[in-house]
Amino acid sequence: LGEPTRPGVWLAIGVGAAGVALIYWRAPSGATLGVSLCLLSGFLAAVAYMSLRGLARTDSPPTVVFVFSLVLLGGALPFMWPFVRDAADHGWQVWAAVAVAGSCGTGGQLLLTEAYRWGTAALVTIGGLSGVAVSMLLDLALFDQVPPLQAALGGALAMTAGVIAGLAGQRSAAARV
């Protein structure tokens with residue numbers, strides 16, 4: 001993307017990669033497909049983030065979110081069809097949950113698009129690694145699912161990468177002022 005990258009950002013990338021590797025290291029034998037799909041998801045997310053960065057330079061956030069939503073709808077519709085086909089069987093609570101999830105997703109995508117508009121792609125993407133640790137904390141809080149030690153350490157490293165990236169971003173923003 002031709003953006004300057006500070007040494008602190010490279011450190012955050014290394015710490016985040018170590019955290020992700022630690023999470024997937026020694027995955028249970030039956031988790032090979034899941035790990036492979038997660039890695040594919042990470043690759044596809046990187047492609048989407050690069051596209052998002054380019055679109056954020058030229059288009060407004062609502063336009064970008066609308067286009068991304070249409071593309072994702074096209075990809076997700078085959079998997080959603082059984083749910084949509086049986087729509088009459090779902091109560092209002094299900095549809096309320098879907099509406100809340102959609103609203104939160106739209107708000108998050110608008111904020112992410114603004115972040116890519118004003119921040120460097122590397123910095124914004126690394127900050128997203130903290131989602132790994134947040135997911136683990138939610139699993140623990142909501143489902144009493146305790147991660148293995150190496151996964152917990154990997155989540156802590158991913159969260160640390162987000163903090164390092166945030167500190168590097170503050171330094172670069174202060175240097176521009």
Side-chain angles (χ1 to χ4, degrees), residues 7-50 52 65 68-69 72-73 75-76 78-84 86 89-116 119-170:
V9 173
W10 286 112
L11 174 64
I13 290 171
V15 170
V20 170
L22 195 55
I23 290 170
Y24 294 123
W25 181 53
R26 293 187 184 173
S29 60
T32 307
L33 176 62
V35 169
S36 300
L37 289 174
C38 287
L39 293 174
L40 176 63
S41 170
F43 173 76
L44 293 175
V47 171
Y49 291 153
M50 289 182 353
L52 184 60
V65 171
F68 261 73
S69 296
L72 291 175
L73 177 64
F79 303 103
M80 292 174 36
W81 185 247
F83 178 81
V84 173
D86 300 330
D89 296 340
H90 305 298
W92 69 269
Q93 297 93 341
V94 171
W95 289 109
V98 168
V100 168
S103 298
C104 289
T106 300
Q109 189 65 44
L110 286 167
L111 292 173
L112 184 63
T113 304
E114 281 294 331
Y116 274 108
T120 63
L123 195 59
V124 174
T125 303
I126 295 167
L129 281 175
S130 61
V132 173
V134 170
S135 294
M136 281 190 200
L137 291 174
L138 286 173
D139 279 347
L140 182 62
L142 298 176
F143 306 112
D144 279 337
Q145 184 176 359
V146 179
L149 179 60
Q150 76 269 9
L153 291 173
L157 282 175
M159 183 68 88
T160 302
V163 170
I164 292 170
L167 293 174
Q170 284 181 344

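Numbers here are sequence positions counted from 1. All values below come from the heavy atoms of this structure, side chains included, with hydrogens, waters and symmetry mates left out.
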For Pro78 and Gly75, the nearest pair of non-hydrogen atoms, with its separation, is CD-O, 3.6 Å

Residues at least two apart in sequence or cross-chain that pass side-chain contact (heavy atoms from CB on, under 4.5 Å) with Trp92, listed by chain then number, are Ala96

Applied to residues 96-115, the side-chain hydrogen bond (donor to acceptor under 3.5 Å, both in side chains) test, sequence neighbours excluded, yields Glu114-Trp118

